[in-house]
Visitor: 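Pasting a structure here, questions to come.
Here the structure is a predicted model, which means the values were calculated and not measured.
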Amino acid sequence: MIQFPKPQVAQFFRTYVITDFAVSKDEKKLLFASNLDGKMNLWAMNLPDVYPYLFAHRDESCGEITIDANNRFVLANYDKDGDENYQIYAVPYDGGLPQPFITGDPSEKYYICHLSEDGERVYYMTSEENPSFLNARVRNLQDGSDTLLNTGDAAPTYLEAVSPDEQAFVYSKTFANTYATGIVKKGDKEYSLVPDPSIVHVAQSPVFTDNDTVYFVTDYQADQSYVAKFDITTASFAKVLAIPDEEVKVLKWDKERNAFYIVTEKGVTDKLYYYELASEAINEVDIPVDIIEQLRVAASGNIYILGRSATIPLNIFQAKDGGSWKQLTNNRVLGVEPEDMVNPEVVSYTSFDGMEIEALLFRAKPECDNGHTIFWPHGGPQAAERKMFRSMFQCFLNRGYTIFAPNFRGSTGYGSEFVKLVEQDWGEGPRLDCVAGIEWLFEQNITDSNRLFLVGGSYGGYMALLLHGRHAEYFRAVVDIFGPSDLFTFVQSVPPHWKPLMERWLGDPERDKERFIKDSPVTYLDGMTKPMLVIQGAKDPRVVKKESDQIVAKLKEKGRDVSYFVMEDEGHGFSKKENEIKVYNLMLEFMEKHQLKKAHV
């Protein structure tokens with residue numbers, strides 16, 4: 001018989017990402033942003049045909065895809081090599097080369113917010129003239145006029161919703177991930193969506209159901225988010241719907257049926273509900289994936305979702321008239337079936353102060369197990385590791401590595417108060433949650449310090465550096481992917497519209513000097529004794545290259561074993577498939593080099 005080798009790294013990474021999608025009003029065209037050909041571009045399918053074709057070629061990350069309701073043009077945001085300075089481009093409805101539409105200095109940002117129903121006015125945000133707080137503007141396509149709508153102040157301010165008659169607007173002021181107020185402006189009047197905006201809360205996902213009624217998601221005076229309503233005519237707030245033990249995260253309006261689709265989050269999975277306003281009836285909708293990334297509702301009542309599960313890569317699905325789901329894209333791991341991959345166990349352990357921490361444990365299959373485990377602190381930090389496909393995870397599992405991913409304090413999906421626990425405490429509580437998780441792994445005989453690798457990206461990279469410096473005895477070797485190394489330099493180098501958020505999120509470097517020193521990985525260089533691989537995108541606007549440069553240089557001065565790989569044409573992540581494959585091959589080679597010899601069990 002013919003013998004085939006184990007799946008190669010490239011097979012797992014030949015899956016593609018889908019960052020955004022849109023469906024035309026007549027549902028004859030579906031567009032999605034993907035690296036299907038190795039670089040980010042816009043792709044299309046002429047429904048019901050599901051064969052994708054290249055729609056717009058630019059080889060850059062794109063998002064916020066907006067299709068004119070009259071099928072005349074498409075708008076999309078594009079950046080440059082991952083720098084996140086998005087600018088607005090236009091593409092003919094039948095596809096072609098994107099042409100600059102609303103653009104400016106390459107260092108400025110322009111974000112699409114709303115396209116009027118008649119396609120004559122484009123509402124957008126820009127950093128131009130207001131880099132810290134942003135401005136809202138509207139461009140008239142008929143006469144070319146461009147009008148300032150709102151000047152952001154006090155905090156980054158975003159246009160979130162426009163009323164059907166375009167006379168009322170909802171803005172959000174983002175003071176932190178856990179503190180974002182909603183403001184309605186109509187004429188010369190301004191209203192807060194909640195009675196007391198000084199109470200820390202989040203107001204998000206606003207929807208105008210008519211010219212004077214806004215439904216939105218909030219956690220105002222609650223630990224878990226729910227659906228609320230604001231009536232402009234009476235300036236009144238009302239709580240509409242809460243789902244016990246679940247957090248509402250997305251609200252989508254089905255105008256023709258006077259109903260909402262509601263996505264909720266509970267720990268590591270999502271749920272979808274259909275809520276009828278008139279009857280107040282709510283029904284759960286079965287979904288084909290564990291995580292819903294995006295949801296679109298068509299005028300026909302058909303719904304489309306972009307979603308994934310631990311063993312199912314990002315795909316777009318369609319459900320017609322409340323019927324069964326049809327998978328429109330066929331994104332899959334080359335030559336590997338879902339049943340040959342690993343679904344995680346959902347486990348929990350008790351942390352240093354008695355708090356219960358939920359985690360995902362991916363156990364390598366017995367026939368693959370190399371006896372080693374990867375400890376993965378997720379990014380964010382106000383995010384979570386969930387039942388979602390990661391090429392890295394399934395590739396490394398196939399190579400025999402068990403993976404443990406804790407949702408330490410600060411993670412989303414466990415209530416507002418839990419998320420806030422990381423604010424102004426990046427390096428103590430979350431770090432000790434990670435330590436408790438490592439000790440749990442040892443107690444359960446899943447791994448030991450001779451067989452445990454530490455790998456993290458972004459905030460997870462920061463945590464990898466900090467754990468390495470303070471607890472090197474737990475690990476065999478460490479991989480840091482664009483992680484902040486010094487809180488003093490990090491807080492000064494973030495993008496301008498992040499700076500107003502840093503006080504609540506991280507703290508003040510002068511007032512909190514002692515804590516910044518204590519929680520900065522560079523403070524613990526002497527403890528960083530294990531082999532290390534550091535990976536960085538040269539165009540990263542969130543964690544700038546200097547963060548990696550400085551710690552690599554300091555460790556090399558001390559004669560430590562450090563490898564450093566910089567991607568010159570990437571930002572905070574991967575937009576180019578070849579870069580992604582190269583990085584993960586480097587990671588595998590690094591870990592295989594440092595495996596405990598004869599560790600196979």
Side-chain angles (χ1 to χ4, degrees), residues 8-10 12-13 82 370 372-377 379 390-393 395-396 399-401 403 449-486 489-490 520-540 543-574 576-597 599:
Q8 302 298 306
V9 171
F12 291 92
F13 291 99
N370 65 22
H372 292 79
T373 295
I374 294 170
F375 185 85
W376 170 265
R390 287 186 184 273
S391 297
M392 186 198 92
F393 277 22
C395 175
F396 289 13
R399 284 293 183 273
Y401 296 95
I403 300 172
S449 59
N450 286 319
R451 299 178 296 151
L452 183 62
F453 289 97
L454 174 59
V455 182
S458 194
Y459 176 86
Y462 158 83
M463 184 55 67
L465 291 171
L466 189 62
L467 288 169
H468 184 197
R470 301 194 67 172
H471 308 281
E473 70 276 10
Y474 286 132
F475 309 107
R476 186 152 195 87
V478 180
V479 180
D480 157 40
I481 310 169
F482 37 78
S485 63
D486 185 332
T489 54
F490 171 69
S520 288
V522 292
T523 302
Y524 306 100
L525 293 170
D526 288 344
M528 297 184 186
T529 57
K530 300 301 173 72
M532 187 186 300
L533 171 63
V534 177
I535 295 159
Q536 178 69 45
K539 302 291 182 67
D540 193 335
V543 182
V544 298
K545 181 172 173 285
K546 181 182 177 182
E547 289 297 310
S548 293
D549 287 348
Q550 61 193 5
I551 200 158
V552 168
K554 291 176 185 294
L555 288 171
K556 285 187 174 180
E557 286 175 7
K558 291 179 174 291
R560 303 294 161 74
D561 181 359
V562 183
S563 300
Y564 189 26
F565 180 68
V566 177
M567 300 169 288
E568 297 296 337
D569 55 352
E570 294 284 11
H572 199 71
F574 304 102
K576 299 168 180 65
K577 182 58 65 177
E578 294 309 317
N579 286 336
E580 186 179 26
I581 292 172
K582 185 169 185 176
V583 163
Y584 289 116
N585 266 315
L586 283 173
M587 290 171 61
L588 275 176
E589 291 168 5
F590 173 79
M591 289 190 293
E592 287 169 3
K593 175 183 176 182
H594 294 290
Q595 281 184 12
L596 180 66
K597 303 305 180 185

Visitor: Please list, chain by chain and in numerical order, all residues satisfying side chain to side chain donor-acceptor pair (under 3.5 Å) with Arg476, sequence neighbours excluded.
Guide: none
Visitor: Does the pair Ile374 and Phe396 meet the rule for a side chain to side chain contact (heavy atoms under 4.5 Å, CB included), with working shown?
Guide: CA-CA 9 Å; Ile374 294 170; Phe396 289 13; 3.5 Å; yes
Visitor: By side chain to side chain contact (heavy atoms under 4.5 Å, CB included), which residues pair with Tyr459, not counting sequence neighbours?
Guide: Pro381, Phe408, Val422, Trp426, Pro430, Tyr462, Met463
Visitor: Please examine the side chains of Leu588 and Arg399, heavy atoms only from C-beta on, and report whether any two atoms are closer than 4.5 Å.
Guide: yes
Visitor: Who passes side chain to side chain contact (heavy atoms under 4.5 Å, CB included) against Ala538, sequence neighbours left out?
Guide: Lys545, Val566, Glu568
Visitor: Please name the pair of heavy atoms, one in Lys576 and one in Asp569, separated by the smallest distance, quoted to 0.1 Å.
Guide: NZ-O, 3.1 Å
Visitor: Determine whether a donor-acceptor pair (N or O, by modelled atom type, separation under 3.5 Å) exists between the side chain of His468 and the backbone of Leu466.
Guide: no
Visitor: Do the two ring centres, one from Phe574 and one from Tyr584, sit under 6.0 Å apart?
Guide: yes
Visitor: A side-chain contact here means heavy atoms from C-beta on lying under 4.5 Å apart; do Glu547 and Asp540 qualify?
Guide: no
Visitor: Test side chain to side chain contact (heavy atoms under 4.5 Å, CB included) on Lys582 and Phe13; report intermediate values, then the result.
Guide: CA-CA 10 Å; Lys582 185 169 185 176; Phe13 291 99; over 6 Å; no
Visitor: Quick one: side chain to side chain donor-acceptor pair (under 3.5 Å) partners of Ser458, sequence neighbours excluded?
Guide: His572
Visitor: Do Val534 and Phe482 have side chains that get closer than 4.5 Å, going by heavy atoms?
Guide: no
Visitor: Mind listing the closest non-hydrogen atom pair of Val562 and Lys556 along with its distance?
Guide: O-CE, 3.6 Å
Visitor: Can you find a pair of side-chain heavy atoms, one from Leu533 and one from Asp480, that are under 4.5 Å apart?
Guide: no
Visitor: Taking atom OG of Ser391 and atom CZ of Phe12, what is their separation to the nearest 0.5 Å?
Guide: 9.0 Å
Visitor: Between atom CD of Glu570 and atom CD of Gln536, what is the distance when rounded to the nearest 0.5 Å?
Guide: 11.5 Å
Visitor: If every non-hydrogen atom of Gly456 is compared with every non-hydrogen atom of Ala464, which pair is closest and at what distance?
Guide: N-CB, 4.2 Å
Visitor: Could you check whether any side-chain heavy atom of Met392 comes within less than 4.5 Å of a side-chain heavy atom of Met587, counting everything from C-beta outward?
Guide: yes
Visitor: Which distance, rounded to the nearest 0.5 Å, do you find between the OH of Tyr524 and the OG of Ser485?
Guide: 14.0 Å
Visitor: In the structure I gave you, are the side-chain heavy atoms of Tyr401 and Thr373 within less than 4.5 Å of one another anywhere?
Guide: no
Visitor: Mind checking whether Val455 and Phe375 have side chains closer than 4.5 Å, heavy atoms only?
Guide: no
Visitor: Side chains of Val478 and Phe453, heavy atoms from C-beta outward: is any pair under 4.5 Å?
Guide: no
Visitor: Nearest 0.5 angstrom please: Leu465 CG to Asp486 CG, how far?
Guide: 11.0 Å
Visitor: To the nearest 0.5 Å, tell me how far Ile535 CD1 sits from Asn579 CG.
Guide: 11.0 Å
Visitor: Just to verify, what does Tyr564 make a side chain to side chain donor-acceptor pair (under 3.5 Å) with, not counting sequence neighbours?
Guide: Asp549
Visitor: Would you call Lys577 and Glu580 a salt bridge, using N to O less than 4.0 angstrom?
Guide: yes
Visitor: Kindly compute the distance separating CD (Glu589) from CE (Met591), expressed to the nearest 0.5 Å.
Guide: 10.5 Å
Visitor: Please tabulate, for the side chains in residues 525-532, all donor-acceptor contacts under 3.5 angstrom to protein atoms that are two or more places apart in sequence or on a different chain.
Guide:
{"residue": "Asp526", "atom": "OD1", "partner": "Lys558", "partner atom": "NZ", "Å": "3.0"}
{"residue": "Lys530", "atom": "NZ", "partner": "Ala472", "partner atom": "O", "Å": "2.9"}
{"residue": "Lys530", "atom": "NZ", "partner": "Phe475", "partner atom": "O", "Å": "2.5"}

Visitor: What heavy-atom pair brings Pro521 and Pro484 nearest, and what distance separates the two atoms?
Guide: CG-O, 3.9 Å
